[in-house]
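Each remark here refers to the structure printed beneath this line.
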Amino acid sequence: MIRPQGTIAPILTPFESDGRIARDLWISHAKWVLDQGAHFLSPFGTTGEALSVSLRERMQALEWLVEAGISPSHLMPGTGVTALAETVELTAHAVGLGCAGVMVLPSFFYTAAGDNGQARYYSELIERGANPAMRMILYHIPQNSGVPVSPALTARLSEAFPDVVVGLQGQCR
């Protein structure tokens with residue numbers, strides 16, 4: 001199993017004045033970031049306004065990138081939202097497109113869930129997705145999500161799902 005290596009760049013989501021994603025600017029920006037040397041793009045990552053757009057808009061915008069010729073093997077979109085069912089839907093969509101991986105926030109609404117609750121959340125997501133092509137990077141930026149992904153949780157999930165949980169994205173302060 002190959003684990004992702006190289007630079008994973010979160011990309012900005014540009015908007016039209018009416019609040020729609022600016023399709024042409026979105027595509028040209030994504031291509032530009034790859035041309036600058038990024039190995040992977042993370043649409044709807046930290047800087048991507050993920051929680052400001054609907055699921056359908058996120059799925060459509062990801063499809064636009066693929067339709068524009070960006071290989072899904074260079075895409076690792078953020079797919080975590082507050083509802084597990086919607087996270088499953090976004091994740092399945094990305095995996096179905098052939099994305100290299102997905103970046104998933106912990107279950108951030110219930111901040112006191114602890115490692116056991118987070119392990120259950122991620123396990124449910126992986127089991128409901130049930131796709132051998134799924135590759136997941138755990139999203140650890142507690143200053144944004146309000147919930148950490150601890151080293152113990154990372155190890156636990158990596159051991160339980162070694163072919164799925166392939167990385168940890170995060171910051172240390």
Side-chain angles (χ1 to χ4, degrees), residues 4 8-16 18-22 26 30 40-66 72 75-131 133-158 160-161 164-173:
I8 303 169
I11 59 172
L12 299 172
T13 304
F15 292 94
E16 302 287 356
D18 64 3
R20 290 179 297 116
I21 296 173
W26 166 255
F40 301 96
L41 300 177
S42 180
F44 305 111
T46 305
T47 58
E49 295 291 338
L51 300 177
S52 300
V53 295
S54 71
L55 267 58
R56 182 66 214 136
E57 289 171 308
R58 287 171 70 164
M59 291 187 284
Q60 183 177 51
L62 196 56
E63 291 167 8
W64 291 339
L65 296 178
V66 174
L75 299 174
M76 294 186 178
T79 61
V81 293
T82 54
L84 177 59
E86 291 179 348
T87 300
V88 170
E89 184 177 353
L90 284 173
T91 300
H93 177 260
V95 172
L97 284 176
C99 291
V102 293
M103 292 191 177
V104 183
L105 290 159
S107 178
F108 57 91
F109 188 76
Y110 298 104
T111 58
D115 280 2
N116 286 337
Q118 296 302 334
R120 182 174 175 203
Y121 172 79
Y122 281 115
S123 297
E124 288 263 337
L125 171 58
I126 292 165
E127 290 165 6
R128 287 187 192 186
N131 187 325
M134 183 189 298
R135 301 293 175 264
M136 184 181 298
I137 296 170
L138 307 176
Y139 183 101
H140 169 72
I141 302 186
Q143 61 270 32
N144 289 355
S145 68
V147 178
V149 176
S150 73
L153 175 60
T154 303
R156 180 175 172 180
L157 292 169
S158 293
F161 305 101
V164 176
V165 178
V166 297
L168 174 69
Q169 188 270 339
Q171 289 179 275
C172 299
R173 282 190 168 202

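Starting from 1, each residue takes its place in the sequence as its number. Just so you know, these numbers use all the heavy atoms, side chains as well, and skip hydrogens, waters and symmetry mates.
Considering every non-hydrogen atom in both Thr79 and Arg58, the closest pair reads CA-NH2, 3.6 Å. Taking every heavy atom of both residues into account, Val53 and Phe44 meet most closely at CG2-CE2, 3.8 Å. Contact detail for Met103 and Met76: the closest heavy-atom pair is CG-O, 4.1 Å. Between Ser42 and Ile8 the shortest heavy-atom distance is CB-CG2, 4.0 Å. Leu65 and Ala30 make their closest contact through CD2-CB, 3.6 Å (heavy atoms, listed as atom of the first residue, atom of the second, distance). Shown here for Ser54 and Glu57, the closest heavy-atom pair between the two residues is N-OE1, 2.7 Å.
The shortest side-chain heavy-atom distance between Asn116 and Arg156 falls under the 4.5 Å cut-off. Within the 4.5 Å cutoff, the side chain of Leu138 has no heavy atoms near those of the Leu153 side chain. The side-chain heavy atoms of Leu157 and Met136, taken from C-beta on, include no pair separated by under 4.5 Å. Side-chain contact between Leu62 and Cys99 is present, with heavy atoms from C-beta onward closer than 4.5 Å. Contact of the Tyr122 side chain with the Val165 side chain is not registered, since no non-hydrogen atoms from C-beta on lie closer than 4.5 Å. Within the 4.5 Å cutoff, no side-chain heavy atoms of Gln118 are placed close to those of Val149.
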Residue pair Asn131, Thr91: steps toward the side-chain contact (heavy atoms from CB on, under 4.5 Å) verdict: CA-CA 10 Å; Asn131 187 325; Thr91 300; over 6 Å; no

Intermediate values then yes/no, side-chain contact (heavy atoms from CB on, under 4.5 Å), Val102 and Leu90: CA-CA 9 Å; Val102 293; Leu90 284 173; over 6 Å; no

Determine, stepwise, if the pair Ile21 / Phe15 fulfils side-chain contact (heavy atoms from CB on, under 4.5 Å). CA-CA 4 Å; Ile21 296 173; Phe15 292 94; 3.9 Å; yes

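Applying the ring-ring contact (aromatic ring centres under 6.0 Å, His included) test to Tyr139 and every residue at least two apart in sequence or in another chain returns nothing.
Atoms OG1 and CG, on Thr87 and Leu125 in that order, are 6.5 Å from each other to the nearest 0.5 Å.
A salt bridge does not link Glu89 with Arg56: none of the charged nitrogens is closer than 4.0 Å to a carboxylate oxygen.
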